[in-house]
Each structure stands twice: as C-alpha cells, then as structure tokens.
Amino acid sequence: MVKNMHRYRTHNCAQLRKEDVGSTVKISGWIHSVRDHGGVIFIDLRDHFGITQVVIDPQQDFYQELERWRVETVACFTGEVVARIEETVNNRLATGEIEVAATEMEILGEANVLPFQVAKEEQTPEHMRLKYRFLDLRRERLHNNILLRSQVIAEIRAKMTNMGFQEFQTPILAASSPEGARDYLVPSRLHPGKFYALPQAPQQFKQLLMVAGFDRYFQIAPCFRDEDARADRSPGEFYQLDVEMSFATQDDVFASMEDLLTHVVKKFSDKKMDEAPFVRIPYREAMFKYGSDKPDLRNPLQMIDVTAAFDGSDFKAFAGVVKKGGVVRAIKVPNVADRPRKFYDDMIKFAQENGAKGMAYIIWKDGEVKSPIAKFMSDDALALCKKTGNVEDGDAMFFLADKEKTVMNIGGHVIPELGKRCDLISNDEFKFCWIVDFPMFEFDEEAGKVEFSHNPFSMPQGGMDDLINKDPLDILAWQYDIVCNGIELSSGAIRNHRPEIMYKAFEIAGYDASVVDDKFGGMINAFKHGAPPHGGIAPGVDRLVMLIADEPNIREVIAFPFNQQAQDLMMNAPSEVGLKQLEELHIEVVLPPEEEDEDSEEQNA
RNA sequence: GGGGGCGUAGCUCAAUUGGUUAGAGUCCCAGACUGUCGAUCUGGUUGUUGCGGGUUCGAGUCCCGUCGCUCCCGCCA
C-alpha cells in the first residue's frame with residue numbers, strides 16, 4: 001500500500017506525460033473500454049478530463065479476483081507510470097506516450113449492462129437518451145455541449161459585468177400575467193383558490209429594478225412557458241440573458257448586445273461573423289422580401305413584386321388575383337435552368353403543402369424562355385420580370401399570386417426550402433440582423449378589433465402624439481428582434497414608462513384604465529413615482545449555445561430536457577401527488593372523461 | 001387540437017412482388033490469446049416484427065384503428 005496518497009487520485013486522466021515516467025500515481029475514472037489479451041489487459045480509463053491507458057499484468061493479485069471488466073464501471077488504479085515503446089505510442093491520446101502499470105485496483109462504482117454504449121458513437125432513440133440522460137451526458141458530444149454551455153454562460157457573466165451591468169435575482173413564484181403564453185401555475189396553501197405563476201420572463205421585475213434606480217440589469221433568467229415544443233423550443237423552461245438599461249435608446253441597447261454577442265461568438269466559434277453594427281431591417285421590409293420576421297440572411301433569395309406584369313394578363317389565374325387586389329411576387333433562383341422537371345414539380349408541391357393554390361415558374365435558358373405560363377404572357381411582361389429580377393441566362397423565377405399576406409406567408413416557407421434544396425446556405429458563418437420598427441398594433445381578424453401586435457409595454461415611436469393622431473395600424477413601436485441564421489434569438493423594446501401613454505395605448509386596444517391598474521398595478525404604480533426611460537432585450541441562452549455548438553436541436557444543449565410532451569423521462573415528471581398534498585393546497589383533481597370505446601364493448605359482449 | 005415521417009433482438013439495421021424456421025453487426029455470456037488502443041479469433045443466448053383488429057391458403061410486408069417518438073402547423077405578449 002502506498003502511503004500519503006489522496007484517497008482517489010493524484011492525477012486526472014489527462015495529466016500524465018513522459019516526464020512522469022517512474023512516479024507512482026493513483027487515477028480514478030470510468031472503464032471506457034477493455035482489451036483483454038488473456039495474458040495482459042488494457043483498460044482505457046476515462047474521466048471528465050481525458051483518457052489514460054492502464055495496463056494490468058496477469059501476476060497481479062487482483063487480476064485473478066476479477067471476474068469481468070464491465071465498461072462504465074468506476075474504478076481506481078494505483079501504479080507506476082511507464083513509457084510506451086515507440087510502436088505502441090497512441091498519438092490520438094494526450095496521454096498516449098505513457099501508460100499506468102497497475103499494482104492496486106479498487107472498484108468504486110459497479111455498472112450494470114448498459115442500454116446503449118457510451119464509448120461508441122451510435123444512433124440511439126431519443127427516449128432512451130432522455131431516460132438514461134446521465135449516460136448520454138457521459139458521451140463526448142453531449143458532454144462537450146454542456147461544457148460549452150457552462151463556459152458561454154461564464155463568459156457572458158464576465159462580459160456583462162465588465163460592461164457595467166449588475167446581476168440580480170427575481171422571484172420564481174410570481175403573479176400570473178394576462179397576456180402572453182400559457183402560465184405554469186402553483187397553487188397557494190395559505191390562500192385557498194389562489195395561484196402563483198412561474199414567470200414567463202422577469203419582464204416587470206427588471207423594469208421595476210430600473211425604476212428602483214439600479215441603472216443596468218442582467219440575469220441568466222429561467223423562463224417558464226406552457227407551450228408546445230419545436231426543434232428550437234424546449235417545452236417547460238428555458239434560459240434568457242435578460243437585460244435592461246436605464247436612460248437608454250434603441251441604439252444603446254443594440255450597441256451593448258453587438259459588443260456582447262461579437263465577443264462571445266468569436267470566443268467560442270471559428271465561423272465567420274459580421275462586424276458590428278449588424279444590419280437593420282424594418283419589419284415590413286423583412287416581410288416583403290423574406291416573408292418572415294426572422295430571415296436567414298445566409299440565403300440570398302428574396303421576393304420581388306411583379307404584380308404589374310400580370311395585371312390584365314392572359315394568364316387568368318394570376319390576372320384574376322391582381323384584379324381582386326392581390327399581388328404577384330417572384331423569387332429568382334440562380335443557376336437552376338438545368339434542373340430536371342421533378343425539381344420544379346416538387347417545389348410546386350411544397351408550396352401547395354404550405355397553402356399555395358399553385359406556383360408558376362419561368363426558366364431562362366440559352367436565350368429562350370421555358371415555362372408552362374410563358375405562352376400566356378406578353379413579351380413586355382416577360383421582359384419586365386426579367387428586368388425586375390436581374391435575371392441572367394440559366395436562372396429561373398418562381399411566382400406566387402394571392403392576397404399579399406398569404407403570398408408573404410408562403411414565400412416565407414418557399415425561400416428557405418429553395419435555399420436548402422439549391423444548397424445556397426453556407427454553414428460556416430453567422431449572419432446577424434436586427435428587425436426593427438415593429439407595428440405597435442395589428443388588426444386581429446378573429447376578435448375583429450385592434451390588438452397589441454407584440455408587447456404592450458413598448459413605447460410607440462412617436463409617443464403620445466402618435467397614439468392621438470395616427471391610424472393605430474400605422475404606429476410603429478420601439479420594438480425589435482435580433483435574428484441569427486433564421487433563428488430568433490431575442491425580442492426587446494424601449495419600454496413605455498409614461499403612465500398616461502400606457503393608459504392611452506391600452507385604450508386603443510380596447511382596455512380601459514381599470515384593466516391596466518388591475519393587471520399591471522405594481523408596475524403602473526411604480527411609473528407614477530418617478531420612472532426613468534429604459535429598455536432592454538433578452539437573448540435566448542439555449543438558442544445561442546445551440547448556434548455556437550452547431551446543433552440542430554435545442555435538447556442537445558440542455559442537460560436535462562423535457563421530451564416533446566413536456567415530460568422528464570428520467571425523473572418521471574409530471575407525476576401524480578398524494579391526496580394529503582392536494583388537500584393542503586385546496587385542490588381537487590377532475591380528470592377529463594374517459595372516452596368510451598364502443599367497439600371494444602361490443603367485442604366483449 | 002391538426003398534418004407528415006418513423007416503429008423488426010438491449011442498440012444500429014436487413015428481410016425480393018404477400019411465400020418455408022425473421023437474419024447481420026454490436027451488446028451480452030462462455031472459451032482462446034502477452035502489446036492492444038473500435039483488439040482479434042471460436043462458440044452461444046437474445047424476437048408478442050409497438051399494440052389491437054381486418055383482408056388472405058399464407059402478413060414484418062396490404063388495409064383500418066390505436067399507442068409511442070420525432071418534425072411541422074396552430075400556439076409561443
């Protein structure tokens with residue numbers, strides 16, 4: 001027994017080098033792989049830091065004791081560091097020049113047979129990975145992602161602090177807020193029939209901190225929204241870098257975030273990135289060109305208006321749309337004239353699946369025009385399309401005709417799909433942009449009235465003057481998004497800190513002052529006691545890490561994510577609770593009625 | 001709530017046009033082997049083909065329903 005050694009290790013599994021040859025060491029870790037040659041056994045011992053090869057000579061006592069070496073068992077080895085002979089050096093390991101010749105061994109944690117392999121990259125069903133998340137997290141890919149996440153967050157904290165922001169905590173048990181997503185509710189024991197809500201974001205708290213005079217706030221804030229999942233949206237909870245600044249203009253917020261994002265992305269990614277300031281695109285222009293308020297600027301495709309070319313055209317389908325006040329928009333795609341007919345048919349099918357009645361196309365090839373619709377078009381109309389789109393030989397143009405809103409929506413799907421199918425989207429750069437000038441209000445077709453289009457706490461750009469004198473639908477807000485590669489990283493706004501403007505804005509949306517006082521009493525009251533102009537933003541941390549890690553799915557950067565049905569398959573949440581707990585909370589469970597299966601009843605009879 | 005895709009051994013996959021006893025790799029078990037590093041070699045176990053119906057002489061394969069996972073729409077101030 002070697003004396004005066006640490007209980008578990010003198011070195012981690014990535015530390016030992018040629019210089020350590022001759023010293024006696026102790027290392028602990030997981031058995032990554034075993035190569036049993038009968039007379040000699042090689043074990044790759046793995047920990048968080050790396051891998052070291054342990055060699056076991058058959059003359060050791062423990063060699064006989066051991067019935068089997070199962071991978072992922074945690075073991076501790078004591079032994080001498082020896083140099084590998086030249087032919088057996090492993091250049092793929094940092095510790096590949098040495099190995100540890102074991103003299104003692106202790107099993108610290110036995111492993112059962114694994115449901116999937118840790119050491120080998122193999123496809124594994126997501127529900128298995130989620131149930132055995134602790135195993136999945138040992139695998140290199142996920143382990144590195146979570147480590148990256150930790151480092152990104154540490155860097156964000158350092159940078160934000162360096163930029164003069166203070167970090168705060170805000171309540172997790174908060175009040176339900178009427179607008180926005182569905183809340184997660186927590187019943188109150190002390191107040192029967194009343195509920196807390198988990199915050200969808202610390203929105204009002206951070207504004208109150210500005211009213212409290214703290215000047216610059218940030219928080220790596222957990223946010224809870226009971227909404228359905230997407231690839232870039234984990235259900236349940238997610239994290240925002242929540243930011244708020246006093247006496248700040250939109251330009252001040254942009255400058256801070258550009259500084260932060262440039263710093264963090266460049267530190268952790270080799271991908272190309274635009275220098276600040278990032279391009280700014282007004283909301284209406286983004287919708288017109290890309291059919292989306294989160295355009296992927298790596299994709300060069302855009303929509304252009306060619307309504308004039310079809311006004312009174314012999315192509316009745318489009319001419320009819322124009323006559324009824326609709327529009328025709330075109331997407332020029334370069335160098336696709338040689339693509340087979342199937343490419344065009346498939347794109348039309350795709351457009352139809354996304355709500356298009358149809359999609360026309362024209363191909364310019366070898367000085368000729370090839371198209372099912374060309375024969376209905378005049379030379380002038382063809383020339384107009386060609387000129388508007390800067391079409392060159394070998395290009396094609398796709399056409400969508402409908403109500404403007406419908407066309408923009410379909411184009412918003414067709415453009416990314418064309419970009420993908422034509423391989424126009426490079427994967428080695430980040431394209432950031434700000435979407436600015438969001439409308440303050442929009443007309444809600446369902447409710448038949450004017451509603452806030454985004455965030456009721458945003459300041460209208462023209463202040464009270466706009467609210468009084470402009471058509472509500474023409475009022476723009478100091479409201480912005482930041483988008484990277486087609487992913488919305490964040491929304492933000494310069495806030496409405498003036499009570500009279502707040503009351504007026506809500507009045508336009510059909511709510512009288514009592515609604516504001518009732519639902520946002522805490523904040524509106526604060527604004528009546530001296531509130532500084534302020535604004536902020538809240539980039540999604542999970543999405544940012546996802547972009548930097550180049551992962552297609554947000555669950556790959558979350559240690560313990562829910563599945564799509566908002567379940568934790570490892571910890572078994574949500575779960576039923578005891579009757580006593582329910583009684584204390586004054587809660588009675590009323591399950592939805594079981595649907596009677598008439599067929600099975602008949603079969604039983 | 002709606003639409004698409006997938007579902008065969010613990011895991012990854014195969015199985016001709018509907019045709020005999022559902023195969024291979026990996027994992028696991030046993031054995032051999034003193035220099036491997038995805039060790040190798042020999043042998044072996046593993047199945048309600050997600051579940052329930054139906055069509056058929058015969059269903060992993062076709063049809064209907066259902067469940068699970070996933071992607072999308074709705075939803076996400």
Side-chain angles (χ1 to χ4, degrees), chain A residues 32-46 51-59 63 67-68 70-72 82 84-93 95-96 99 101 112-132 135 177-183 200-201 203-204 223-236 238 350 353-355 409 413 416-417 438 440-442 446 451-458 477 479 488 491-493 509 519-520 538 540 552-553 555 563-565 567 569 595 597-600 602-603:
Chain A
H32 187 69
S33 73
V34 180
R35 296 173 293 281
D36 184 348
H37 288 249
V40 62
I41 294 180
F42 299 99
I43 287 178
D44 284 346
L45 197 68
R46 183 198 75 235
I51 286 177
T52 299
Q53 176 164 282
V54 176
V55 191
I56 295 160
D57 190 275
Q59 289 170 1
Y63 177 78
E67 286 189 1
R68 56 172 178 265
R70 177 161 284 151
V71 287
E72 295 308 312
V82 296
R84 299 200 197 183
I85 58 169
E86 205 176 316
E87 300 86 78
T88 61
V89 166
N90 185 348
N91 293 318
R92 281 172 301 183
L93 289 184
T95 59
E99 59 197 5
N112 289 342
V113 175
L114 304 174
F116 54 84
Q117 297 304 298
V118 169
K120 294 178 180 178
E121 287 296 322
E122 61 177 15
Q123 286 275 317
T124 310
E126 183 119 30
H127 65 94
M128 296 285 286
R129 296 179 55 201
L130 292 172
K131 181 170 179 183
Y132 297 93
L135 289 180
S177 183
E179 84 296 333
R182 220 173 286 118
D183 282 323
Q200 297 181 22
Q203 181 66 38
Q204 295 187 60
C223 304
F224 306 89
R225 296 178 192 174
D226 187 1
E227 294 298 331
D228 288 335
R230 286 291 182 277
D232 64 355
R233 199 166 83 210
S234 190
F238 62 97
F350 178 85
E353 283 166 1
N354 285 279
N409 188 285
H413 289 94
E417 190 66 21
F438 277 84
M440 183 85 187
F441 302 99
E442 64 187 4
E446 256 182 59
E451 262 295 357
F452 289 108
S453 72
H454 222 286
N455 180 330
F457 308 133
S458 302
Q479 168 84 43
E488 183 192 320
S491 283
K519 299 298 182 186
F520 309 106
N553 189 298
R555 290 185 296 275
N563 69 2
Q564 197 171 34
Q565 278 71 242
Q567 296 165 301
L569 297 176
E595 284 192 28
D597 192 336
E598 292 175 24
D599 290 341
S600 67
E602 281 167 16
Q603 279 155 14

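Every chain is numbered from 1, with letters handed out A, B, ... down the list of sequences. The shown structure was predicted, so the numbers you read here are calculated from the model rather than taken from an experiment. All values below come from the heavy atoms of this structure, side chains included, with hydrogens, waters and symmetry mates left out.
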Counting only Watson-Crick pairs (N1-N3 plus N6-O4 or O6-N4) and G-U wobbles (N1-O2, O6-N3), all under 3.5 Å, who is the partner of G74(B)?
none

Tell me whether the side-chain N/O atoms of R35(A) come closer than 4.0 Å to OP1 or OP2 in A39(B).
yes

Kindly say whether, by distance alone, the side chain of Q564(A) makes a donor-acceptor pair under 3.5 Å with the base of G68(B)?
no

Face-to-face contact H37(A) to G35(B) six-ring, under 5.5 Å, under 30°:
no

When every non-hydrogen atom of R129(A) is compared with those of T124(A), the smallest separation belongs to CD-O, 3.6 Å

Rounded distance [0.5 Å steps], CG in D44(A) versus CD in E99(A)
10.5 Å

Quantified in whole Å, what is the P atom distance between nucleotide A30(B) and nucleotide U21(B)?
33 Å

Take F350(A) and H413(A) through the ring pair (Phe, Tyr, Trp, His ring centres under 6.0 Å) test and state the conclusion after the steps.
CA-CA 9 Å; F350(A) 178 85; H413(A) 289 94; 7.2 Å; no

Going by 5.5 Å between centroids and 30° between planes, is there a stack of F42(A) over U36(B)?
yes

Under 4.0 Å: is that the gap between some side-chain N or O of R46(A) and OP1 or OP2 of C37(B)?
no

Distance test, side-chain N/O of N553(A) to OP1/OP2 of C71(B), below 4.0 Å:
yes

Interatomic distance at P, U16(B) relative to C63(B), whole Å
16 Å

Inter-nucleotide C1' distance (G38(B), A22(B)), Å rounded:
28 Å

If you find the nucleotide of RNA chain B closest to V113(A) and the one closest to P125(A), which residue's nucleotide is nearer the 5' end?
P125(A)

Side-chain ion pair, R46(A) and E72(A), N-O less than 4.0 Å:
yes

Whether R84(A) contacts C37(B) is assessed here as follows: a side-chain N or O lying under 4.0 Å from the phosphate OP1 or OP2. Is that the case?
no

Between C28(B) atom P and D36(A) atom CG, what is the distance in whole Å?
12 Å

Once you apply a heavy-atom cut-off of 4.0 Å, does D228(A) come out as touching a base, just sugar-phosphate, or nothing?
base

What interatomic distance, in whole Å, is found between C1' of A24(B) and the corresponding atom of A15(B)?
11 Å

Between V55(A) and I41(A), is any pair of side-chain heavy atoms under 4.5 Å apart?
no

Over all strands shown, is S33(A) touching base, sugar-phosphate only, or nothing at heavy-atom distances under 4.0 angstrom?
sugar-phosphate

Using the P atoms only, state how far G10(B) lies from U49(B), rounded to an integer number of Å.
12 Å

Can a donor-acceptor pair under 3.5 Å be found between the side-chain atoms of R70(A) and the base atoms of C28(B)?
no

Does a side chain donor of either E126(A) or N563(A) reach within less than 3.5 Å of an acceptor in the other side chain?
no

Provide, to the nearest angstrom, the distance between the CZ atom belonging to F350(A) and the C1' atom belonging to G3(B).
14 Å

Which is true for Q53(A) with a 4.0 Å heavy-atom rule: it touches a base, it touches only sugar-phosphate, or it touches nothing?
base

Does a side-chain N or O from Q565(A) land closer than 4.0 Å to OP1 or OP2 of C69(B), or not?
yes

Contact nearer the 5' end of RNA chain B, comparing Q203(A) with H413(A):
H413(A)

Side-chain N or O of Q567(A) closer than 4.0 Å to phosphate OP1/OP2 of G68(B):
no

Specify the separation, in whole Å, of atom CD1 of I51(A) and atom C1' of G38(B).
12 Å

Tell me whether the OP1 or OP2 atom of C71(B) has a side-chain N or O from R555(A) closer than 4.0 Å.
yes

Indicate, yes or no, whether a donor-acceptor pair under 3.5 Å links the base of C76(B) to the side chain of R225(A).
no

Looking for any heavy atom pair under 4.0 Å, which part of the strands does N563(A) touch: base, sugar-phosphate only, or nothing?
sugar-phosphate

What interatomic distance, in whole Å, is found between C1' of G50(B) and the corresponding atom of G68(B)?
7 Å

Ionic contact status for R233(A) with D228(A), cut-off 4.0 Å:
no

Proximal nucleotide (of C69(B), C37(B), C33(B)) relative to the R92(A) side chain:
C37(B)

Between G4(B) and A14(B), how far apart are the P atoms? Round to whole Å, please.
23 Å

Could you give the distance separating U46(B) and A39(B) at their P atoms, to the nearest angstrom?
26 Å

Under-4.0 Å side-chain N/O to phosphate OP1/OP2 contact, K120(A) with C27(B):
yes

Under 3.5 Å donor-acceptor pair, R230(A) side-chain atoms to G74(B) base atoms:
yes

